[in-house]
Q: 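Take a look at the following structure, please.
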Amino acid sequence: MHVGNLRTALYAWLWAKKNNGSFILRIEDTDQARFVEGAEDMVYKTLRTAGLTWDEGPDIGGEYGPYVQSERKDMYLPYARQLVEMGKAYYCFCTKEELDERRAEAEAKGESFKYDKHCLSLSKEEVERRLAAGEPYVIRQNVPTSGKADFDDAIFGHIEVDCAELDDMILIKADGMPTYNFANVIDDHTMGITHVMRGMEYLSSTPKYNLLYDAFGWEKPVYVHLTTIMRDATHKLSKRDGDATFEDLVTAGYLPEAIVNYLSLVGWNPGDEREFFTLDELKEAFSLEGLSKSPAIFDHQKLRWMNAEYIRRLAPERYIELAGPYLDEAGVGSMDKAILARILQPRTEILSDVRDMVRFLARMDEGYELELFTNKKSKTNPEICLGILEDVVPRLAALPEWTETALHDFLMNYAAEKGMKNGTLLWPVRIAMSGQAVTPGGAIEIAALLGRDEALRRLELGLEKLRNM
RNA sequence: GGCCCCUUGGUCAAGCGGUCUAAGACACCGCCCUUUCACGGCGGUAACAGGAGUUCGAGUCUCCUAGGGGUCACCA
(Lines give C-alpha, C1' and ligand atoms only; values in the text may rest on other atoms or scores of the structure.)
Protein backbone atom coordinates (compact mmCIF):
# COMPACT_ATOMS: atom_id res chain seq x y z
CA MET A 1 0.00 0.00 0.00
CA HIS A 2 1.13 3.44 -0.94
CA VAL A 3 2.04 5.52 2.10
CA GLY A 4 -0.31 8.28 0.98
CA ASN A 5 -3.19 5.83 1.09
CA LEU A 6 -2.06 4.62 4.47
CA ARG A 7 -2.01 8.16 5.79
CA THR A 8 -5.52 8.74 4.50
CA ALA A 9 -6.66 5.56 6.21
CA LEU A 10 -4.88 6.62 9.38
CA TYR A 11 -6.60 10.00 9.53
CA ALA A 12 -9.96 8.44 8.76
CA TRP A 13 -9.40 5.83 11.45
CA LEU A 14 -8.33 8.44 13.99
CA TRP A 15 -11.30 10.64 13.28
CA ALA A 16 -13.75 7.77 13.45
CA LYS A 17 -12.28 6.42 16.67
CA LYS A 18 -11.98 9.81 18.27
CA ASN A 19 -15.68 10.36 17.68
CA ASN A 20 -16.74 6.89 18.74
CA GLY A 21 -17.61 6.12 15.18
CA SER A 22 -16.99 3.07 13.04
CA PHE A 23 -14.12 2.74 10.64
CA ILE A 24 -15.44 0.92 7.62
CA LEU A 25 -13.39 -0.92 5.06
CA ARG A 26 -14.96 -0.99 1.63
CA ILE A 27 -13.21 -2.44 -1.39
CA GLU A 28 -13.73 -0.36 -4.51
CA ASP A 29 -13.17 -2.71 -7.38
CA THR A 30 -15.49 -1.47 -10.08
CA ASP A 31 -12.75 -1.44 -12.68
CA GLN A 32 -12.48 -5.10 -13.50
CA ALA A 33 -9.73 -4.52 -16.03
CA ARG A 34 -7.44 -3.27 -13.32
CA PHE A 35 -7.91 -6.17 -10.96
CA VAL A 36 -4.62 -7.06 -9.30
CA GLU A 37 -4.21 -10.45 -7.69
CA GLY A 38 -3.32 -10.11 -4.03
CA ALA A 39 -3.97 -6.39 -3.82
CA GLU A 40 -6.92 -6.83 -1.52
CA ASP A 41 -4.93 -9.00 0.86
CA MET A 42 -2.21 -6.39 0.93
CA VAL A 43 -4.80 -3.85 2.05
CA TYR A 44 -5.79 -6.07 4.97
CA LYS A 45 -2.22 -6.87 5.86
CA THR A 46 -1.04 -3.28 5.81
CA LEU A 47 -3.96 -1.97 7.80
CA ARG A 48 -3.48 -4.70 10.40
CA THR A 49 0.26 -4.17 10.67
CA ALA A 50 -0.32 -0.45 11.08
CA GLY A 51 -2.86 -1.14 13.80
CA LEU A 52 -5.82 0.31 11.95
CA THR A 53 -8.52 -2.18 12.77
CA TRP A 54 -11.84 -1.91 11.00
CA ASP A 55 -15.28 -2.35 12.51
CA GLU A 56 -16.98 -3.45 9.35
CA GLY A 57 -15.47 -4.92 6.23
CA PRO A 58 -15.51 -7.69 3.65
CA ASP A 59 -13.85 -10.22 5.94
CA ILE A 60 -15.84 -9.51 9.08
CA GLY A 61 -19.15 -8.33 7.70
CA GLY A 62 -21.40 -5.78 9.31
CA GLU A 63 -24.94 -4.56 8.87
CA TYR A 64 -24.24 -2.54 5.73
CA GLY A 65 -22.70 -5.25 3.55
CA PRO A 66 -21.63 -6.36 1.17
CA TYR A 67 -18.42 -4.40 1.54
CA VAL A 68 -17.01 -5.10 -1.89
CA GLN A 69 -18.42 -2.94 -4.65
CA SER A 70 -18.40 -5.65 -7.30
CA GLU A 71 -20.69 -7.63 -5.00
CA ARG A 72 -23.02 -4.65 -4.79
CA LYS A 73 -23.26 -4.40 -8.57
CA ASP A 74 -27.03 -4.82 -8.77
CA MET A 75 -27.70 -2.03 -6.31
CA TYR A 76 -26.57 0.79 -8.54
CA LEU A 77 -28.68 0.50 -11.67
CA PRO A 78 -32.02 1.18 -9.92
CA TYR A 79 -30.64 4.42 -8.54
CA ALA A 80 -29.34 5.40 -11.94
CA ARG A 81 -32.76 4.68 -13.48
CA GLN A 82 -34.37 6.79 -10.83
CA LEU A 83 -32.11 9.61 -11.90
CA VAL A 84 -33.05 9.04 -15.54
CA GLU A 85 -36.68 9.31 -14.58
CA MET A 86 -36.02 12.59 -12.83
CA GLY A 87 -34.21 13.91 -15.87
CA LYS A 88 -30.96 14.08 -13.97
CA ALA A 89 -29.37 11.34 -16.04
CA TYR A 90 -29.82 9.75 -19.43
CA TYR A 91 -28.95 6.71 -21.49
CA CYS A 92 -26.10 7.16 -23.92
CA PHE A 93 -25.27 4.89 -26.80
CA CYS A 94 -22.16 6.62 -28.04
CA THR A 95 -19.34 4.14 -28.05
CA LYS A 96 -16.05 4.64 -26.31
CA GLU A 97 -14.29 4.42 -29.67
CA GLU A 98 -16.35 7.23 -31.16
CA LEU A 99 -15.78 9.40 -28.17
CA ASP A 100 -12.07 8.71 -28.07
CA GLU A 101 -11.88 9.73 -31.69
CA ARG A 102 -13.75 12.95 -31.12
CA ARG A 103 -11.67 13.66 -28.08
CA ALA A 104 -8.51 13.19 -30.12
CA GLU A 105 -9.83 15.51 -32.81
CA ALA A 106 -10.65 18.19 -30.32
CA GLU A 107 -7.27 17.83 -28.76
CA ALA A 108 -5.58 18.10 -32.14
CA LYS A 109 -7.36 21.38 -32.63
CA GLY A 110 -6.29 22.51 -29.22
CA GLU A 111 -9.82 22.48 -27.90
CA SER A 112 -11.02 20.83 -24.75
CA PHE A 113 -13.49 18.06 -25.25
CA LYS A 114 -16.76 17.83 -23.47
CA TYR A 115 -19.55 15.40 -24.21
CA ASP A 116 -22.17 17.25 -26.24
CA LYS A 117 -25.21 15.60 -24.65
CA HIS A 118 -25.94 14.04 -28.04
CA CYS A 119 -27.95 11.17 -26.58
CA LEU A 120 -29.94 13.40 -24.26
CA SER A 121 -32.06 14.38 -27.23
CA LEU A 122 -32.96 10.81 -28.14
CA SER A 123 -36.67 10.20 -27.91
CA LYS A 124 -37.94 7.94 -25.19
CA GLU A 125 -39.15 5.54 -27.87
CA GLU A 126 -35.81 5.34 -29.55
CA VAL A 127 -34.09 4.72 -26.24
CA GLU A 128 -36.56 1.94 -25.43
CA ARG A 129 -36.08 0.41 -28.84
CA ARG A 130 -32.29 0.40 -28.67
CA LEU A 131 -32.33 -0.89 -25.15
CA ALA A 132 -34.68 -3.68 -26.17
CA ALA A 133 -32.42 -4.48 -29.07
CA GLY A 134 -29.66 -5.08 -26.57
CA GLU A 135 -27.52 -2.23 -27.76
CA PRO A 136 -24.68 -1.43 -25.35
CA TYR A 137 -25.26 1.71 -23.34
CA VAL A 138 -23.99 3.78 -20.48
CA ILE A 139 -25.92 6.12 -18.20
CA ARG A 140 -24.66 9.65 -17.93
CA GLN A 141 -25.30 12.32 -15.40
CA ASN A 142 -27.22 15.24 -16.94
CA VAL A 143 -25.33 18.21 -15.58
CA PRO A 144 -27.14 21.55 -15.93
CA THR A 145 -25.62 23.78 -18.59
CA SER A 146 -25.62 26.79 -16.33
CA GLY A 147 -25.56 27.59 -12.66
CA LYS A 148 -23.09 26.52 -10.02
CA ALA A 149 -22.20 23.29 -8.31
CA ASP A 150 -20.55 23.50 -4.94
CA PHE A 151 -19.74 21.83 -1.65
CA ASP A 152 -17.97 22.60 1.57
CA ASP A 153 -14.72 20.96 2.44
CA ALA A 154 -13.59 20.73 6.04
CA ILE A 155 -10.12 21.93 5.15
CA PHE A 156 -10.54 24.04 2.03
CA GLY A 157 -13.86 25.59 2.77
CA HIS A 158 -16.39 26.42 0.12
CA ILE A 159 -15.57 25.08 -3.32
CA GLU A 160 -17.67 26.24 -6.24
CA VAL A 161 -17.51 25.64 -9.97
CA ASP A 162 -19.64 26.59 -12.95
CA CYS A 163 -21.74 23.70 -14.15
CA ALA A 164 -20.73 24.73 -17.64
CA GLU A 165 -17.24 23.49 -16.81
CA LEU A 166 -18.53 20.07 -15.91
CA ASP A 167 -18.83 17.11 -18.21
CA ASP A 168 -21.72 14.67 -18.13
CA MET A 169 -19.91 11.95 -16.27
CA ILE A 170 -20.73 8.32 -16.77
CA LEU A 171 -22.58 6.75 -13.88
CA ILE A 172 -23.08 3.23 -15.17
CA LYS A 173 -20.52 1.76 -17.53
CA ALA A 174 -21.26 -0.44 -20.53
CA ASP A 175 -20.35 -3.51 -18.52
CA GLY A 176 -23.06 -2.65 -16.02
CA MET A 177 -20.61 -1.62 -13.31
CA PRO A 178 -20.92 1.80 -11.77
CA THR A 179 -18.03 4.23 -12.04
CA TYR A 180 -16.28 5.21 -8.84
CA ASN A 181 -17.98 8.59 -9.12
CA PHE A 182 -21.40 7.05 -8.88
CA ALA A 183 -20.69 4.08 -6.65
CA ASN A 184 -19.16 6.18 -3.92
CA VAL A 185 -22.24 8.39 -3.75
CA ILE A 186 -24.65 5.49 -3.60
CA ASP A 187 -22.53 3.50 -1.18
CA ASP A 188 -21.70 6.37 1.12
CA HIS A 189 -25.37 7.09 1.47
CA THR A 190 -26.63 3.53 1.80
CA MET A 191 -23.82 2.58 4.15
CA GLY A 192 -24.36 5.54 6.43
CA ILE A 193 -21.00 7.18 5.82
CA THR A 194 -20.71 10.49 7.65
CA HIS A 195 -17.15 11.52 6.80
CA VAL A 196 -15.17 11.06 3.64
CA MET A 197 -11.43 11.57 3.81
CA ARG A 198 -9.64 11.13 0.52
CA GLY A 199 -6.92 12.56 -1.66
CA MET A 200 -6.89 16.02 -3.21
CA GLU A 201 -7.43 14.58 -6.64
CA TYR A 202 -11.11 14.31 -5.86
CA LEU A 203 -11.52 17.91 -4.83
CA SER A 204 -12.49 19.20 -8.24
CA SER A 205 -14.92 16.42 -9.01
CA THR A 206 -16.75 16.60 -5.70
CA PRO A 207 -19.18 19.36 -6.76
CA LYS A 208 -20.53 16.90 -9.32
CA TYR A 209 -21.31 14.39 -6.62
CA ASN A 210 -23.29 16.95 -4.76
CA LEU A 211 -25.57 17.44 -7.71
CA LEU A 212 -26.39 13.76 -7.26
CA TYR A 213 -26.97 14.08 -3.53
CA ASP A 214 -29.28 16.98 -4.21
CA ALA A 215 -31.18 15.07 -6.87
CA PHE A 216 -31.83 12.27 -4.41
CA GLY A 217 -32.43 14.64 -1.56
CA TRP A 218 -29.78 12.88 0.52
CA GLU A 219 -27.71 14.33 3.28
CA LYS A 220 -24.12 14.95 2.26
CA PRO A 221 -21.19 13.53 4.17
CA VAL A 222 -18.48 15.81 5.52
CA TYR A 223 -15.69 15.97 2.99
CA VAL A 224 -12.08 16.21 4.02
CA HIS A 225 -9.67 16.37 1.13
CA LEU A 226 -6.09 15.61 2.06
CA THR A 227 -3.10 17.13 0.37
CA THR A 228 -0.75 15.07 -1.70
CA ILE A 229 2.41 13.61 -0.24
CA MET A 230 5.27 14.62 -2.51
CA ARG A 231 8.64 13.07 -3.28
CA ASP A 232 10.06 16.49 -4.09
CA ALA A 233 8.66 19.90 -4.94
CA THR A 234 7.20 18.83 -8.26
CA HIS A 235 6.57 15.09 -8.07
CA LYS A 236 4.16 13.24 -5.93
CA LEU A 237 5.14 10.06 -4.21
CA SER A 238 4.24 7.16 -6.43
CA LYS A 239 4.71 3.44 -6.42
CA ARG A 240 5.12 3.61 -10.16
CA ASP A 241 8.22 5.72 -9.83
CA GLY A 242 9.69 3.37 -7.31
CA ASP A 243 8.81 5.16 -4.11
CA ALA A 244 8.59 2.83 -1.15
CA THR A 245 5.29 1.32 -0.07
CA PHE A 246 4.49 0.66 3.56
CA GLU A 247 5.45 -2.95 2.99
CA ASP A 248 8.80 -1.91 1.50
CA LEU A 249 9.56 0.24 4.51
CA VAL A 250 8.75 -2.52 6.94
CA THR A 251 10.94 -4.91 5.01
CA ALA A 252 13.78 -2.41 5.09
CA GLY A 253 13.61 -2.39 8.86
CA TYR A 254 11.33 0.48 9.75
CA LEU A 255 9.01 -0.23 12.66
CA PRO A 256 5.32 0.05 11.79
CA GLU A 257 4.75 2.28 14.82
CA ALA A 258 7.47 4.66 13.66
CA ILE A 259 6.13 4.79 10.12
CA VAL A 260 2.63 5.50 11.35
CA ASN A 261 3.89 8.13 13.77
CA TYR A 262 5.94 9.85 11.08
CA LEU A 263 3.14 9.66 8.56
CA SER A 264 0.71 11.24 10.97
CA LEU A 265 2.91 14.33 10.99
CA VAL A 266 3.09 14.67 7.22
CA GLY A 267 0.24 17.09 6.62
CA TRP A 268 -0.98 17.34 10.19
CA ASN A 269 0.32 18.74 13.45
CA PRO A 270 -1.04 18.57 16.97
CA GLY A 271 -0.75 22.29 17.64
CA ASP A 272 1.91 21.79 20.26
CA GLU A 273 5.47 20.54 20.15
CA ARG A 274 4.89 16.85 20.67
CA GLU A 275 5.97 14.55 17.91
CA PHE A 276 5.98 11.11 19.45
CA PHE A 277 2.60 9.49 19.52
CA THR A 278 1.14 6.08 20.04
CA LEU A 279 -2.02 5.38 18.11
CA ASP A 280 -4.03 6.08 21.25
CA GLU A 281 -2.30 9.38 21.83
CA LEU A 282 -2.83 10.29 18.21
CA LYS A 283 -6.49 9.52 18.59
CA GLU A 284 -6.58 11.91 21.48
CA ALA A 285 -4.66 14.68 19.72
CA PHE A 286 -6.05 14.45 16.22
CA SER A 287 -8.15 17.27 14.89
CA LEU A 288 -9.29 18.51 11.53
CA GLU A 289 -7.90 21.96 12.35
CA GLY A 290 -4.39 20.57 12.44
CA LEU A 291 -4.62 19.39 8.85
CA SER A 292 -2.48 21.23 6.35
CA LYS A 293 -3.60 22.85 3.10
CA SER A 294 -0.36 22.58 1.24
CA PRO A 295 1.35 19.48 -0.06
CA ALA A 296 4.17 18.00 2.02
CA ILE A 297 7.37 16.36 0.91
CA PHE A 298 8.02 12.95 2.40
CA ASP A 299 11.29 13.29 4.29
CA HIS A 300 13.11 9.97 4.44
CA GLN A 301 15.73 11.45 6.71
CA LYS A 302 13.24 12.43 9.32
CA LEU A 303 11.53 9.06 9.10
CA ARG A 304 14.92 7.46 9.59
CA TRP A 305 15.60 9.59 12.62
CA MET A 306 12.22 8.83 14.10
CA ASN A 307 12.68 5.13 13.47
CA ALA A 308 16.04 5.26 15.26
CA GLU A 309 14.31 6.91 18.21
CA TYR A 310 11.74 4.14 18.29
CA ILE A 311 14.45 1.52 18.14
CA ARG A 312 16.36 3.09 21.02
CA ARG A 313 13.25 3.04 23.14
CA LEU A 314 12.74 -0.68 22.64
CA ALA A 315 13.39 -3.06 25.54
CA PRO A 316 16.71 -4.81 24.79
CA GLU A 317 14.93 -8.17 24.57
CA ARG A 318 12.53 -6.80 22.02
CA TYR A 319 15.37 -5.23 20.10
CA ILE A 320 17.17 -8.55 19.87
CA GLU A 321 13.99 -10.22 18.77
CA LEU A 322 13.54 -7.74 15.93
CA ALA A 323 17.20 -7.63 14.95
CA GLY A 324 17.51 -11.40 15.24
CA PRO A 325 16.97 -12.25 11.60
CA TYR A 326 19.64 -9.78 10.54
CA LEU A 327 22.08 -11.06 13.17
CA ASP A 328 21.53 -14.57 11.91
CA GLU A 329 22.04 -13.42 8.37
CA ALA A 330 25.36 -11.88 9.32
CA GLY A 331 26.36 -15.07 11.10
CA VAL A 332 26.56 -13.71 14.64
CA GLY A 333 23.30 -15.16 15.91
CA SER A 334 25.06 -17.20 18.57
CA MET A 335 26.98 -14.35 20.17
CA ASP A 336 26.13 -12.71 23.48
CA LYS A 337 22.76 -11.08 22.96
CA ALA A 338 23.00 -8.65 25.84
CA ILE A 339 26.25 -7.19 24.58
CA LEU A 340 25.00 -7.10 21.01
CA ALA A 341 21.90 -5.23 22.05
CA ARG A 342 23.90 -2.80 24.09
CA ILE A 343 26.31 -1.84 21.34
CA LEU A 344 23.91 -2.09 18.41
CA GLN A 345 20.69 -0.61 19.68
CA PRO A 346 21.82 3.02 19.96
CA ARG A 347 23.43 2.74 16.53
CA THR A 348 20.57 1.19 14.62
CA GLU A 349 18.51 3.54 12.51
CA ILE A 350 16.75 0.88 10.51
CA LEU A 351 16.88 -2.79 11.40
CA SER A 352 18.57 -3.82 8.19
CA ASP A 353 21.59 -1.66 9.14
CA VAL A 354 22.49 -4.35 11.63
CA ARG A 355 23.68 -6.77 9.00
CA ASP A 356 26.57 -4.63 7.82
CA MET A 357 27.41 -3.37 11.27
CA VAL A 358 28.19 -6.80 12.68
CA ARG A 359 29.53 -8.61 9.66
CA PHE A 360 33.14 -8.14 10.85
CA LEU A 361 32.37 -10.13 13.97
CA ALA A 362 31.61 -13.23 11.94
CA ARG A 363 34.41 -12.77 9.49
CA MET A 364 36.97 -10.04 9.37
CA ASP A 365 38.85 -8.66 6.44
CA GLU A 366 42.32 -9.94 7.29
CA GLY A 367 43.92 -7.96 4.53
CA TYR A 368 43.29 -4.64 6.25
CA GLU A 369 45.77 -1.80 5.87
CA LEU A 370 48.40 -1.22 8.53
CA GLU A 371 47.58 2.45 8.37
CA LEU A 372 44.46 1.66 10.39
CA PHE A 373 46.77 1.48 13.38
CA THR A 374 47.45 5.16 13.01
CA ASN A 375 45.09 7.40 14.92
CA LYS A 376 46.00 10.91 15.87
CA LYS A 377 43.54 11.36 18.69
CA SER A 378 44.54 8.09 20.33
CA LYS A 379 48.19 8.91 19.70
CA THR A 380 48.94 5.70 17.90
CA ASN A 381 50.80 4.54 14.83
CA PRO A 382 51.89 1.07 13.71
CA GLU A 383 55.16 1.20 15.67
CA ILE A 384 53.47 2.17 18.91
CA CYS A 385 50.75 -0.41 18.35
CA LEU A 386 53.34 -3.11 17.76
CA GLY A 387 54.96 -2.31 21.09
CA ILE A 388 51.65 -2.34 22.91
CA LEU A 389 50.38 -5.54 21.38
CA GLU A 390 53.70 -7.35 21.93
CA ASP A 391 53.28 -6.76 25.61
CA VAL A 392 49.56 -6.95 26.08
CA VAL A 393 48.55 -9.90 23.92
CA PRO A 394 50.42 -12.50 26.01
CA ARG A 395 48.89 -11.04 29.13
CA LEU A 396 45.44 -11.22 27.62
CA ALA A 397 46.10 -14.83 26.69
CA ALA A 398 46.95 -15.50 30.28
CA LEU A 399 43.75 -14.06 31.68
CA PRO A 400 42.03 -16.67 33.82
CA GLU A 401 38.64 -15.47 32.73
CA TRP A 402 37.46 -14.06 29.40
CA THR A 403 34.50 -11.97 30.40
CA GLU A 404 33.65 -8.38 29.76
CA THR A 405 34.38 -7.52 33.38
CA ALA A 406 37.68 -9.34 33.46
CA LEU A 407 38.74 -7.76 30.18
CA HIS A 408 37.67 -4.35 31.33
CA ASP A 409 39.49 -4.57 34.65
CA PHE A 410 42.66 -5.88 33.13
CA LEU A 411 42.85 -3.35 30.28
CA MET A 412 41.95 -0.37 32.39
CA ASN A 413 44.47 -1.28 35.07
CA TYR A 414 47.09 -1.86 32.44
CA ALA A 415 46.59 1.56 30.87
CA ALA A 416 46.61 3.20 34.28
CA GLU A 417 49.79 1.41 35.34
CA LYS A 418 51.57 2.32 32.14
CA GLY A 419 50.27 5.85 32.40
CA MET A 420 48.84 5.77 28.91
CA LYS A 421 45.54 7.05 27.60
CA ASN A 422 42.85 4.41 27.46
CA GLY A 423 42.54 5.21 23.79
CA THR A 424 46.17 4.49 23.08
CA LEU A 425 45.88 1.00 24.48
CA LEU A 426 42.43 0.21 23.21
CA TRP A 427 42.96 1.45 19.67
CA PRO A 428 45.35 -1.28 18.51
CA VAL A 429 43.38 -3.94 20.32
CA ARG A 430 40.17 -2.93 18.60
CA ILE A 431 41.76 -2.54 15.18
CA ALA A 432 43.46 -5.91 15.36
CA MET A 433 40.21 -7.60 16.36
CA SER A 434 38.05 -5.90 13.78
CA GLY A 435 40.20 -4.86 10.88
CA GLN A 436 38.18 -1.71 10.46
CA ALA A 437 38.37 1.87 11.61
CA VAL A 438 34.79 2.13 12.76
CA THR A 439 32.98 -0.50 14.76
CA PRO A 440 29.88 -0.64 16.87
CA GLY A 441 31.15 -1.00 20.41
CA GLY A 442 34.73 -0.80 21.61
CA ALA A 443 37.63 -3.19 22.14
CA ILE A 444 36.23 -4.71 25.31
CA GLU A 445 32.80 -5.53 23.92
CA ILE A 446 34.29 -6.88 20.72
CA ALA A 447 36.74 -9.09 22.61
CA ALA A 448 33.96 -10.49 24.76
CA LEU A 449 31.75 -11.07 21.77
CA LEU A 450 34.42 -12.89 19.77
CA GLY A 451 35.39 -15.15 22.65
CA ARG A 452 38.89 -15.93 23.78
CA ASP A 453 40.03 -18.11 20.88
CA GLU A 454 38.92 -15.93 18.03
CA ALA A 455 39.93 -12.72 19.76
CA LEU A 456 43.43 -14.02 20.42
CA ARG A 457 43.71 -15.42 16.91
CA ARG A 458 42.94 -11.99 15.49
CA LEU A 459 45.30 -10.27 17.90
CA GLU A 460 48.11 -12.63 16.93
CA LEU A 461 47.36 -11.98 13.30
CA GLY A 462 47.61 -8.26 13.92
CA LEU A 463 50.89 -8.69 15.71
CA GLU A 464 52.16 -10.70 12.80
CA LYS A 465 51.23 -7.98 10.35
CA LEU A 466 52.92 -5.36 12.49
CA ARG A 467 56.08 -7.38 12.90
CA ASN A 468 56.31 -7.80 9.14
CA MET A 469 55.85 -4.17 8.25
C1' G B 1 -5.03 25.60 -22.28
C1' G B 2 -9.95 26.10 -19.05
C1' C B 3 -11.31 25.36 -14.05
C1' C B 4 -9.94 24.30 -8.82
C1' C B 5 -6.28 24.33 -4.89
C1' C B 6 -1.66 25.75 -2.63
C1' U B 7 2.89 29.20 -1.43
C1' U B 8 6.89 30.74 6.31
C1' G B 9 14.34 28.25 6.65
C1' G B 10 16.99 22.53 2.44
C1' U B 11 12.48 19.47 4.74
C1' C B 12 8.09 18.93 8.22
C1' A B 13 5.91 22.99 10.40
C1' A B 14 3.93 26.93 14.69
C1' G B 15 1.74 31.52 13.66
C1' C B 16 -5.24 32.51 12.98
C1' G B 17 -4.09 41.92 12.68
C1' G B 18 -0.02 44.29 17.51
C1' U B 19 3.40 39.77 22.47
C1' C B 20 7.27 38.18 15.10
C1' U B 21 14.21 41.95 15.66
C1' A B 22 9.05 34.61 13.38
C1' A B 23 8.61 28.66 17.76
C1' G B 24 9.87 23.58 17.62
C1' A B 25 11.68 19.14 14.97
C1' C B 26 14.80 16.72 10.95
C1' A B 27 19.14 17.76 8.15
C1' C B 28 23.69 20.64 8.26
C1' C B 29 27.94 23.04 11.08
C1' G B 30 30.75 23.74 15.76
C1' C B 31 31.93 22.46 20.83
C1' C B 32 31.57 18.97 25.04
C1' C B 33 31.29 13.81 26.67
C1' U B 34 33.96 9.48 25.01
C1' U B 35 37.47 3.28 23.92
C1' U B 36 36.52 4.27 17.20
C1' C B 37 31.65 5.40 15.39
C1' A B 38 27.15 6.33 17.37
C1' C B 39 24.06 7.86 21.63
C1' G B 40 23.68 12.05 24.90
C1' G B 41 24.49 17.47 26.23
C1' C B 42 25.27 22.59 24.61
C1' G B 43 25.46 26.21 20.77
C1' G B 44 25.11 28.01 15.57
C1' U B 45 23.75 28.94 10.15
C1' A B 46 19.04 29.32 7.74
C1' A B 47 12.38 31.50 6.05
C1' C B 48 7.30 35.05 5.68
C1' A B 49 7.55 33.96 -3.36
C1' G B 50 7.08 39.23 -5.65
C1' G B 51 4.03 43.64 -6.14
C1' A B 52 -0.04 46.73 -5.03
C1' G B 53 -3.84 47.80 -1.52
C1' U B 54 -6.92 47.82 3.38
C1' U B 55 -5.31 49.36 8.40
C1' C B 56 -2.56 53.49 13.34
C1' G B 57 -0.28 48.56 12.51
C1' A B 58 0.09 42.65 7.78
C1' G B 59 3.60 36.50 7.89
C1' U B 60 -1.59 37.05 9.36
C1' C B 61 -7.12 40.45 5.31
C1' U B 62 -8.00 41.77 -0.35
C1' C B 63 -6.33 41.90 -5.37
C1' C B 64 -2.66 41.06 -9.15
C1' U B 65 1.75 38.53 -10.87
C1' A B 66 4.92 34.41 -10.57
C1' G B 67 5.79 29.41 -9.22
C1' G B 68 3.93 24.59 -7.95
C1' G B 69 0.11 20.93 -7.65
C1' G B 70 -4.63 18.80 -9.06
C1' U B 71 -8.40 18.00 -12.68
C1' C B 72 -10.59 17.85 -17.42
C1' A B 73 -11.45 8.83 -18.73
C1' C B 74 -16.80 3.62 -19.74
C1' C B 75 -9.40 4.90 -13.55
C1' A B 76 -10.09 5.27 -8.88
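Letters A, B, ... are given to chains in the order of the sequence lines, protein chains preceding strands, and every chain is numbered from 1.
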Q: Using purine N1 to pyrimidine N3 plus N6-O4 or O6-N4 for Watson-Crick, or N1-O2 and O6-N3 for G-U wobble, both under 3.5 Å, which nucleotide pairs with B:rA52?
A: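 Across all strands, the one nucleotide that pairs with B:rA52 is B:rU62.
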
Q: Mind checking if A:Ile170 touches a base, just sugar-phosphate, or nothing, with heavy atoms under 4.0 Å?
A: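 It contacts base atoms.
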
Q: Give none if B:rG2 has no partner; otherwise give the nucleotide forming a Watson-Crick or G-U wobble pair with it, both distances under 3.5 Å.
A: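 By the stated definition (distances under 3.5 Å), B:rU71 pairs with B:rG2.
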
Q: Specify the separation, in whole Å, of atom CD of A:Gln69 and atom P of B:rC75.
A: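 It is 13 Å, rounded to the nearest whole Å.
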
Q: Parallel, tilted or perpendicular, judged at 30° and 60°: which one describes the rings of A:Tyr223 and A:Phe151?
A: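 Aromatic pair A:Tyr223/A:Phe151 classed perpendicular.
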
Q: Looking at A:Arg34, does any N or O in its side chain come under 4.0 Å of the phosphate oxygens OP1/OP2 on B:rA76?
A: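 So the side-chain polar atoms of A:Arg34 never come under 4.0 Å of the phosphate oxygens OP1 or OP2 of B:rA76.
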
Q: Would you say a side-chain N or O of A:Asn375 is under 4.0 Å from OP1 or OP2 of B:rU36?
A: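 Answer is no, no contact under 4.0 Å.
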
Q: I need the CE-C1' distance between A:Met200 and B:rU71, as an integer number of Å.
A: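 From A:Met200 CE to B:rU71 C1': 10 Å.
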
Q: Base, sugar-phosphate or nothing for A:Tyr262? Non-hydrogen atoms, less than 4.0 Å.
A: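 Nothing, no nucleic acid heavy atom in range.
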
Q: Which one is paired to B:rA25, where only Watson-Crick or G-U wobble pairs with both distances under 3.5 angstrom count?
A: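 Base-paired to B:rU11.
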
Q: If only side-chain N and O atoms of A:Lys208 are considered, is one of them under 4.0 Å from the OP1 or OP2 phosphate oxygen of B:rC72?
A: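 Negative; the distance criterion is not met.
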
Q: With a 4.0 Å limit, can you tell me whether A:Lys302 has a side-chain N or O closer than that to the phosphate oxygens OP1/OP2 of B:rU11?
A: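 Checking B:rU11 against A:Lys302, no side-chain N or O comes under 4.0 Å of OP1 or OP2.
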
Q: Answer yes or no: does a side-chain N or O of A:Lys376 lie under 4.0 Å from OP1 or OP2 of B:rU36?
A: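 Looking at the OP1 and OP2 atoms of B:rU36, neither is under 4.0 Å from any side-chain N or O of A:Lys376.
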
Q: Can you find a side chain N or O atom of A:Thr30 that sits less than 4.0 Å from OP1 or OP2 on B:rA76?
A: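 Indeed, a polar side-chain atom of A:Thr30 lies that close.
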
Q: Output the rounded distance in Å from CG (A:Leu265) to C1' (B:rC26).
A: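 Between C1' of B:rC26 and CG of A:Leu265: 11 Å.
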
Q: If B:rC16 has a Watson-Crick or G-U wobble mate with both distances under 3.5 Å, name it; if not, just say none.
A: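 Matched B:rC16 with nothing under the 3.5 Å cut-off.
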
Q: So which nucleotide does B:rC33 pair with, by the Watson-Crick or G-U wobble rule with both distances under 3.5 Å?
A: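 Looking at the geometry, B:rC33 pairs with no nucleotide.
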
Q: To the nearest Å, give me how far apart CZ (A:Phe93) and P (B:rC74) are.
A: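 So the two atoms are 17 Å apart, to the nearest Å.
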
Q: Look at all strands and tell whether A:Gly441 reaches a base, only sugar-phosphate, or nothing, counting heavy atoms closer than 4.0 Å.
A: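 Answer is base: heavy atoms of A:Gly441 come under 4.0 Å of a base.
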
Q: A:Arg198 side chain N/O closer than 4.0 Å to the phosphate oxygens (OP1, OP2) of B:rA76?
A: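 Checking A:Arg198 against B:rA76: no side-chain N or O falls below 4.0 Å of OP1 or OP2.
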
Q: Quick one about A:Tyr90 and A:Asp168 (side-chain donor to acceptor, distance below 3.5 Å, no hydrogens or angles considered), yes or no?
A: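 A pair is found: one side chain offers a donor N or O, the other an acceptor, under 3.5 Å apart.
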
